[in-house]
Amino acid sequence: MRLQNKKALVTGASRGIGKAIADRFTAEGAEVWGIGTKEPDGLAERIAKSEGRLHWVCADLGELEQVEPLIEDLIKKANGFDILVNNAGITRDNLSFRMNFADFQKVIDVNLSAPFIIARTVGRAMIRQRGGSIINMASVVGIHGNGGQANYAAAKAGVIGFTKSLAQEAASRGVRVNAVAPGFIATDMTSAMTDEAKEKTLMLIPLKRMGTPEDVAAATLFLASDESIYITGQVIPVDGGMFM
Ligand code: NAD
């Protein structure tokens, strides 16, 4: 049990990568507050399996003015968090020349602005308690770019920049800040890709398969736990070797 007696906040915990992280964390002994836009199917079973250590919160993190009060309230209810995983994210893909500004802005709001507000709010409390681990979900696209995803790539590059900056600001207070950069992971987010696009992407992966949410959860667990106690300001790719 690597997260015994730890309290974690995980955004986007209803499905995909965030669900795998929240469920792995509870299995490792943590008490987890999961946030998602709505109550997911199978929530009662997940709570029962976690022996009551999973708590659910419905919120739209794209409503930016509501984010800070919501998080402050959760910090009070939980009496502080040891771990934050900023995982919630969306895509609104299009070629830049056709992308309307609302789709650009929405992706920045959910993938970059909300994580910044949440990390700032939780981070302040972690600094007061002199310890904590913040993990931001970036993407290989934030490092390398991707045609058709200018909004998403900009948001994820921004996540990497703010991860490293916050890591520098918080290190002396015992708060670590890192990012995970998944590659091509089998979730709802990638299920909309055409078979042709999936085939092309698979050809670029030396380990010859799509990643699973559990693959990303394992790296996130490492960064959340004391196993990574001497690691901060880093971006860990989980991409099957797609970029070396
Ligand atoms: P997903 O679409 O399966 O799940 C997204 C989660 O975010 C859901 O729980 C959803 O409820 C939540 N969410 C979305 N908008 C929200 C909002 N406004 N308020 C609150 N919650 C919201 O996606 P996923 O593939 O599991 O992706 C999780 C994270 O990993 C995202 O940040 C994504 O950008 C990143 N990522 C995914 C891949 C991939 O290949 N799937 C690759 C790189 C990075």
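Counting convention: from 1, in listed order, for ligands and their atoms alike. From a predicted model like this one, the values you see are computed outputs, not experimental measurements.
- Shown here for Asn94 and Met99, the closest heavy-atom pair between the two residues is O-CE, 3.4 Å.
- Residue Lys156 has at least one nitrogen or oxygen atom sitting less than 3.5 Å from a nitrogen or oxygen atom of ligand 1, judged on distance alone.
- When only non-hydrogen protein atoms are considered, atom 24 (P) of ligand 1 lies nearest to Thr187 OG1, 3.6 Å.
- Residue contact check: Ala59 has heavy atoms under 4.0 Å from atoms 19 (N), 20 (C) of ligand 1.
- Using a 4.0 Å cut-off to heavy atoms of Gly183, the atoms of ligand 1 that qualify are 40 (O), 42 (C), 43 (C).
- The shortest heavy-atom distance from Asp60 to ligand 1 is under 4.0 Å.
- Counting only distance, with no hydrogens or angles, the side chain of Ser228 and the backbone of Ile231 share no donor-acceptor pair below 3.5 Å.
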Take Lys49 and Glu45 through the test salt bridge (Lys or Arg N to Asp or Glu O under 4.0 Å) and record every step on the way to the result. CA-CA 6 Å; Lys49 203 169 171 204; Glu45 289 84 346; over 6 Å; no
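- For ligand 1, one of its N or O atoms has an N or O atom of Ser14 under 3.5 Å away.
- Counting non-hydrogen atoms of neighbouring residues, nucleotides and ligands closer than 6.0 angstrom, the NZ atom of Lys198 exceeds 12 such neighbours.
- An N or O contact shorter than 3.5 Å links Arg15 to ligand 1 by distance.
- For atom 40 (O) of ligand 1, the closest heavy atom belonging to the protein is Ile185 N, 2.9 Å.
- Every heavy atom of Ala186 sits 4.0 Å or more from the atoms of ligand 1.
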Could you give me the CA-CA distance, side-chain angles and deciding distance for Glu28 and Lys6, then say whether salt bridge (Lys or Arg N to Asp or Glu O under 4.0 Å) is met? CA-CA 9 Å; Glu28 294 284 348; Lys6 301 276 190 195; over 6 Å; no
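- Counting atoms of ligand 1 from 1 in the listed order, those under 4.0 Å from a heavy atom of Thr190 are 39 (C), 40 (O), 41 (N).
- The shortest N or O to N or O distance between Gly12 and ligand 1 is below 3.5 Å.
- Applying the 4.0 Å criterion to heavy atoms of Ile90 picks out, from ligand 1, the atoms 14 (C), 15 (N).
- Look at Ala138 and you'll find a heavy atom under 4.0 Å from some atom of ligand 1.
- When the options Pro40, Ala20, Gly36, Gly89 are ranked by their closest heavy atom to atom 5 (C) of ligand 1, first place goes to Gly89.
- Checking only distances, Leu61 does come within under 3.5 Å of ligand 1, N or O to N or O.
- Looking at Asn178, its side chain does come within 3.5 Å of a backbone N or O of Gln234 through a donor-acceptor pair.
- An N or O contact shorter than 3.5 Å is missing between Val110 and ligand 1 by distance.
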Apply salt bridge (Lys or Arg N to Asp or Glu O under 4.0 Å) to Glu68 and Arg124, showing your working. CA-CA 12 Å; Glu68 186 159 346; Arg124 275 190 203 120; 3.3 Å; yes
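- Not a single heavy atom of Thr11 sits closer than 4.0 Å to an atom of ligand 1.
- Every atom of ligand 1 is numbered from 1 in the order shown, and the set under 4.0 Å from a heavy atom of Ser139 is 43 (C), 44 (C).
- Scanning the protein for heavy atoms near atom 26 (O) of ligand 1, the closest one is Ile17 N, 2.8 Å.
- Near Met137, meaning under 4.0 Å from one of its heavy atoms, ligand 1 places the atoms 29 (C), 30 (O), 35 (C).
- In this model, a donor atom of one side chain and an acceptor atom of the other lie less than 3.5 Å apart for Asp215 and Thr212.
- Aromatic ring pairs are classed by plane angle as parallel below 30°, tilted from 30° to 60° and perpendicular above 60°; the pair Trp33 and His55 is parallel.
- Heavy-atom neighbours of Asn100 CG from other residues, nucleotides or ligands within 6.0 Å: above the threshold of 12.
- Within 6.0 Å of CE on Met203 lie no more than 12 heavy atoms contributed by other residues, nucleotides or ligands.
- More than 12 heavy atoms of other shown residues, nucleotides or ligands fall within 6.0 angstrom of atom NZ in Lys208.
- Nearest to atom 34 (O) of ligand 1 among the protein's heavy atoms is Tyr152 OH, 2.5 Å.
- A side chain to side chain contact (heavy atoms under 4.5 Å, CB included) with Leu223 holds for exactly one of Val180, Ile134, Asn136; it is Val180.
- Listed by number with element, the atoms of ligand 1 under 4.0 Å from a non-hydrogen atom of Asn87 are 28 (C), 29 (C), 30 (O), 31 (C), 32 (O).
- In terms of protein heavy-atom proximity, atom 16 (C) of ligand 1 is closest to Thr37 CG2, 3.8 Å.
- Scanning all protein heavy atoms for the shortest distance to atom 22 (C) of ligand 1 gives Ala88 CB, 3.8 Å.
- Below 3.5 Å of separation, one finds no N or O of Phe184 facing any N or O of ligand 1.
- The shortest distance between side-chain heavy atoms of Met210 and Thr190 falls below 4.5 Å.
- Listed by number with element, the atoms of ligand 1 under 4.0 Å from a non-hydrogen atom of Pro182 are 42 (C), 43 (C), 44 (C).
- Annotation: Glu65, atom CD; neighbour count of heavy atoms from other residues, nucleotides and ligands within 6.0 Å is above 12.
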